[in-house]
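The shown structure was predicted, so the numbers you read here are calculated from the model rather than taken from an experiment. Letters go in sequence order (proteins before strands), and every chain restarts at 1.
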Protein chains: 2
Amino acid sequence: MPRTTQTDLAVLAALSVTPMTGYALREAILDHLGAFWSESFGQIYPALSRLREAGYVEAFDGERTGSSTYRLTASGRTQLVDLMREAPVRTPPRNGMLLRLFFGDVLGARACRELVAEYRDLATRQLAELAEARRATEADDAGTSQRPYQLMTISAGEHSARAALAWADETLASLDALVAAGR
Amino acid sequence: MPRTTQTDLAVLAALSVTPMTGYALREAILDHLGAFWSESFGQIYPALSRLREAGYVEAFDGERTGSSTYRLTASGRTQLVDLMREAPVRTPPRNGMLLRLFFGDVLGARACRELVAEYRDLATRQLAELAEARRATEADDAGTSQRPYQLMTISAGEHSARAALAWADETLASLDALVAAGR
DNA sequence: ATCACCATGTAACTCGTTACATGATTCC
DNA sequence: GGAATCATGTAACGAGTTACATGGTGAT
């Protein structure tokens with residue numbers, strides 16, 4: 001089994017939709033995949049060099065001097081499908097908020113309340129962003145074959161954010177009860 | 001702002017409950033925090049050395065030769081509280097399943113269905129584990145001051161897993177419709 | 001004795017971020 | 001001409017995993 005870079009997969013997948021510069025790639029990933037994926041420049045540029053050497057993408061001069069736009073090659077598309085078929089890599093969980101809450105008696109109910117309240121805000125913001133993304137996706141006439149899949153990922157975010165919200169409300173109530181009961 | 005290791009926080013927090021060996025530490029983290037935290041030996045042992053040099057933990061000989069049990073010192077408890085008060089580190093999201101689903105037309109509806117079905121299974125397993133954890137926590141008479149907090153983290157897992165389950169069911173139906181409509 | 005488990009530790013490797021350096025273009 | 005934005009790239013750093021090496025203990 002050869003090496004598999006998660007970044008390669010994301011980059012090839014994004015380029016399969018439309019050719020882009022490295023800079024635009026990052027923006028596209030942030031805009032469209034931001035809820036469940038992220039890449040930084042420090043990953044994207046080395047990845048593009050690697051993929052070009054492997055023949056999976058090719059660069060052609062962009063509109064500006066000193067910028068190049070990348071497009072997927074035929075072998076790049078094959079590689080993309082291969083990478084997609086590999087089992088997703090599970091990132092080991094690391095939720096700093098829940099870690100702190102688990103040991104909440106060290107921190108005190110008041111401080112925990114703040115942690116959870118912040119988490120609730122985050123979920124609210126995510127819901128708003130997802131609503132916007134849903135509207136944009138449903139309005140977009142191009143790429144109708146991609147739309148149902150994109151809506152599924154948006155729905156995943158919505159389910160998750162609503163669950164976070166419900167949990168936060170329930171937990172804030174419990175924490176308030178703890179505070180009222182003399183910490 | 002000095003360095004902050006996530007691992008230090010987890011280790012100090014776990015040792016605040018009861019003294020342990022490095023090996024037991026890993027088991028405890030896996031058992032009790034597994035749903036939202038993870039540490040490997042490669043992190044734990046160096047962390048223990050570091051923390052001992054800093055005076056945050058001290059080792060005393062364990063029951064076996066060649067094993068030492070670590071306990072939190074007074075300054076370690078102070079440090080623990082300080083670390084807890086720091087804002088949780090946000091891990092950038094990386095969900096390989098959703099990445100693949102977003103570009104689902106590259107992969108095809110059938111393969112996507114399998115991805116989602118696996119995800120559903122995972123959520124089901126998590127729910128079972130959480131039910132067990134809830135029972136164990138509610139039955140445990142020791143450390144009653146920690147119990148409400150532990151139940152909150154269990155509830156977080158339950159909300160999240162139930163949301164994953166609901167989404168998966170909804171999405172499997174959509175994918176079936178796509179397959180039926182001629183892929 | 002041998003197997004399973006307890007226990008410790010390190011080295012190699014991958015991944016990923018942040019900060020920095022650099023420069024072009026566009027808009028005002 | 002100055003600011004914001006587009007664009008590329010690298011170096012330093014931190015975090016984390018896996019695999020390996022090593023040995024003690026307890027039960028059968």
Side-chain angles (χ1 to χ4, degrees), chain A residues 1-11 19-31 33-34 36-53 57 59-70 83 86 88-96 99, chain B residues 1-11 14-15 19-31 33-34 36-53 57 59-70 83 86 88-96 99:
Chain A
M1 200 62 58
R3 62 170 304 146
T4 295
T5 316
Q6 304 262 105
T7 300
D8 287 4
L9 171 55
V11 166
M20 272 178 277
T21 65
Y23 189 88
L25 210 36
R26 202 237 173 165
E27 278 224 322
I29 290 172
L30 202 63
D31 282 359
L33 315 178
F36 54 85
W37 203 263
S38 80
E39 295 291 350
S40 63
F41 286 134
Q43 291 282 110
I44 287 174
Y45 285 114
L48 283 172
S49 306
R50 230 185 301 133
L51 292 169
R52 191 178 44 191
E53 266 178 61
V57 304
F60 55 98
D61 284 349
E63 286 128 36
R64 312 160 155 264
T65 41
S67 92
S68 41
T69 305
Y70 292 87
L83 289 179
E86 288 187 9
V89 175
R90 287 216 182 300
T91 317
R94 284 223 146 177
N95 186 321
L99 178 66
Chain B
M1 203 60 57
R3 61 168 304 143
T4 295
T5 316
Q6 304 262 105
T7 299
D8 287 3
L9 171 55
V11 166
L15 290 181
M20 273 178 276
T21 66
Y23 188 88
L25 211 35
R26 203 241 174 162
E27 278 224 322
I29 289 172
L30 201 63
D31 282 358
L33 315 177
F36 54 85
W37 203 264
S38 81
E39 295 291 349
S40 63
F41 287 134
Q43 289 283 110
I44 288 175
Y45 286 114
L48 283 172
S49 305
R50 230 185 301 131
L51 293 169
R52 192 178 42 190
E53 266 178 59
V57 304
F60 55 98
D61 284 348
E63 285 127 36
R64 313 159 151 264
T65 42
S67 93
S68 42
T69 304
Y70 292 87
L83 289 179
E86 286 187 9
V89 174
R90 285 213 184 301
T91 317
R94 284 224 147 177
N95 186 322
L99 178 67

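- Between E39(A) and V11(A), the closest side-chain pair of non-hydrogen atoms is not below 4.5 Å.
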Between the protein and nucleotides 22-24 of chain C, list every N/O to N/O distance that falls short of 3.5 Å.
unit_1, atom_1, unit_2, atom_2, d
dA24(C), O3', T65(A), OG1, 2.6

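- With dT8(D), dT8(C), dC15(C) as the choices, the nucleotide that has an atom nearest any side-chain atom of Q43(A) turns out to be dC15(C).
- F36(A) pairs by the ring-ring contact (aromatic ring centres under 6.0 Å, His included) definition with nothing, not counting sequence neighbours.
- A close approach under 4.0 Å does occur between a side-chain nitrogen or oxygen of S38(B) and OP1 or OP2 of dT17(D).
- If you take CG of L25(B) and P of dC6(C), they are 15 Å apart, rounded to a whole angstrom.
- Of the side-chain N and O atoms in Y23(B), one or more sit less than 4.0 angstrom from OP1 or OP2 of dC6(C).
- Y45(B) has its OH atom 18 Å from the P atom of dC20(D), to the nearest Å.
- No engagement by S49(B) is indicated, since no non-hydrogen atom pair under 4.0 Å with the nucleic acid exists.
- Within the 4.0 Å cut-off from OP1 or OP2 of dT17(D), at least one side-chain nitrogen or oxygen of S40(B) is found.
- Residues Y70(A) and M20(A) are not in side-chain contact: their nearest non-hydrogen atoms beyond the backbone lie 4.5 Å or more apart.
- Across the protein-nucleic acid pair, L48(A) atom CG and dT8(D) atom P stand 8 Å apart, rounded to whole Å.
- Residue-to-nucleotide proximity on DNA chain C shows that, of F41(B) and P92(B), the 5′-proximal contact is made by F41(B).
- Here the P atom of nucleotide dC6(C) and the CE atom of M20(B) are 15 Å apart, to the nearest Å.
- Taking only side-chain atoms of S67(B), from C-beta outward, the nucleotide of dT8(D), dG9(C), dA7(C) with the closest atom is dA7(C).
- Within 6.0 Å of the CG atom in D61(A), the count of heavy atoms belonging to other residues, nucleotides or ligands does not exceed 12.
- Atom pair R90(A):CZ and dT17(D):P shows a separation of 15 Å (rounding to whole Å applied).
- In this structure, I44(A) places its CD1 atom 14 Å from P of dC6(D), rounding to the nearest Å.
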Using residues 22-29 of chain A as the side-chain source, report each donor-acceptor pair under 3.5 Å to any protein atom, sequence neighbours left out, with the distance given to one decimal.
none

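- Of the side-chain N and O atoms in T21(B), one or more sit less than 4.0 angstrom from OP1 or OP2 of dA7(C).
- One atom, CD of E39(B), and another, C1' of dG16(D), lie 9 Å apart when rounded to the nearest Å.
- Taking atom CD of Q6(B) as the reference point, atom P of dC15(C) lies 20 Å away to the nearest angstrom.
- Of all heavy-atom pairs spanning S38(B) and R94(A), the tightest one is O-NH2, 3.0 Å.
- In this model, the phosphate group of dG16(D) is approached by a side-chain N or O of T7(B) to a distance below 4.0 Å at OP1 or OP2.
- Here the shortest heavy-atom pairing between A59(B) and S68(B) reads CB-CB, 4.1 Å.
- Each of E27(B) and Y70(B) lies near DNA chain C, and the nucleotide nearest E27(B) is the one positioned closer to the 5' end.
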